[in-house]
Novice: 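Dumping the structure here so I can ask a few things about it.
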Amino acid sequence: MHEYTSTARVWGLSCPGFPEEVSRARRWARDILRGSPFAEDAELIVSELSANAILHTASGLESGSFRLAVAVSAQVVAVSVTDDGGTDTAPKAEHQDQDAEHGRGLGMVSAIAHRVVIHDSDGGHTVTAELFTDARRGGHPC
């Protein structure tokens, strides 16, 4: 295979910013990743990131939405959620007490994923969680 050739497959989904859409997003990711050893982790990541988009950004407003992407290659499963922005601060993983009712989602995603990348733009934030197929937790591909 040529070094610039990718065999990644990418799926996308746009959801209105309603709470019930989080379960639809989760089922969508589960269906795409059926049979993958990362299906359950990716499903949890989609759930947390989608809920965060609705709860903490303009995605949860009446005309809001959030967008998901799942990319799968031989090396990585990447799950991205893009929100509508509308907040002054970017998403960040905060270390909360284990009994805290809020604020643990992105920290949990960071603990599950091998790498989490946050991109800001004028139109919102994109959080991408990557699960490497040949890596130890918290590290990079071997």
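The residues of the chain are indexed from 1 along the displayed sequence.
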Novice: Can you name the closest pair of heavy atoms from A129 and I45 and give their distance?
Specialist: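 Answer, listing the atom of A129 first, then I45: CB-CG2, 3.7 Å.
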
Novice: I'd like to know if the side chain of D83 reaches the main chain of H125, judged simply by a donor and an acceptor atom lying under 3.5 Å from each other, with no hydrogens or angles considered.
Specialist: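 Yes; at least one donor-acceptor contact below 3.5 Å.
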
Novice: Could you list the donor-acceptor pairs under 3.5 angstrom formed by side chains in residues 11-21, with sequence neighbours left out?
Specialist:
from	atom 1	to	atom 2	distance (Å)
E21	OE1	R24	NE	2.5
E21	OE1	R24	NH2	2.8

Novice: Once the angle between the rings of F132 and H114 is folded into 0 to 90°, is it parallel (under 30°), tilted (30 to 60°) or perpendicular (over 60°)?
Specialist: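 Rings of F132 and H114: parallel, as their planes differ by under 30°.
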
Novice: Using the side-chain hydrogen bond (donor to acceptor under 3.5 Å, both in side chains) criterion, which residues pair with S50? Sequence neighbours excluded.
Specialist: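 Expected list: none.
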
Novice: Hey, mind stepping through L68 and W28 against side-chain contact (heavy atoms from CB on, under 4.5 Å) and telling me if it holds?
Specialist: CA-CA 10 Å; L68 294 98; W28 175 79; 3.8 Å; yes

Novice: What pair of heavy atoms forms the shortest contact from A71 to V10, and how long is it?
Specialist: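 Residues A71 and V10, closest heavy atoms: CB-CG2, 3.9 Å.
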
Novice: Does the side chain of T128 come within less than 4.5 Å of V116's, by heavy atoms?
Specialist: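 When only atoms from C-beta onward are counted, T128 and V116 do not touch, as no gap falls below 4.5 Å.
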
Novice: Check step by step if side-chain contact (heavy atoms from CB on, under 4.5 Å) holds for I54 and F66.
Specialist: CA-CA 8 Å; I54 291 170; F66 61 98; 3.6 Å; yes

Novice: Does T133 use its side chain to pair, donor to acceptor, with the backbone of Q75 at less than 3.5 Å?
Specialist: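 Yes, because the side chain of T133 sits within donor-acceptor range (under 3.5 Å) of the backbone of Q75.
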
Novice: Carefully, step by step, assess T126 and V81 under the rule side-chain contact (heavy atoms from CB on, under 4.5 Å).
Specialist: CA-CA 6 Å; T126 300; V81 174; over 6 Å; no

Novice: Under the salt bridge (Lys or Arg N to Asp or Glu O under 4.0 Å) rule, what pairs show up with a residue in residues 66-82, not counting sequence neighbours?
Specialist: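 For residues 66-82: R67-D84.
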
Novice: Distance from R30 atom CZ to S47 atom OG, nearest 0.5 Å?
Specialist: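 Atom-to-atom, R30:CZ and S47:OG are 10.5 Å apart.
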
Novice: Nearest 0.5 Å please: distance from the CG atom of L106 over to the CD1 atom of I118.
Specialist: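 Going from the CG atom of L106 to the CD1 atom of I118 covers 5.0 Å.
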
Novice: Could you pull out the closest heavy-atom pair between V79 and A42, with the gap in Å?
Specialist: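 Scanning both residues completely, I find the closest heavy atoms to be CG2-CB, 4.0 Å.
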
Novice: Answer yes or no: is there a donor N or O on one side and an acceptor on the other, between the side chain of T57 and the main chain of A53, under 3.5 Å?
Specialist: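 Side chain of T57 to backbone of A53: a pair is present.
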
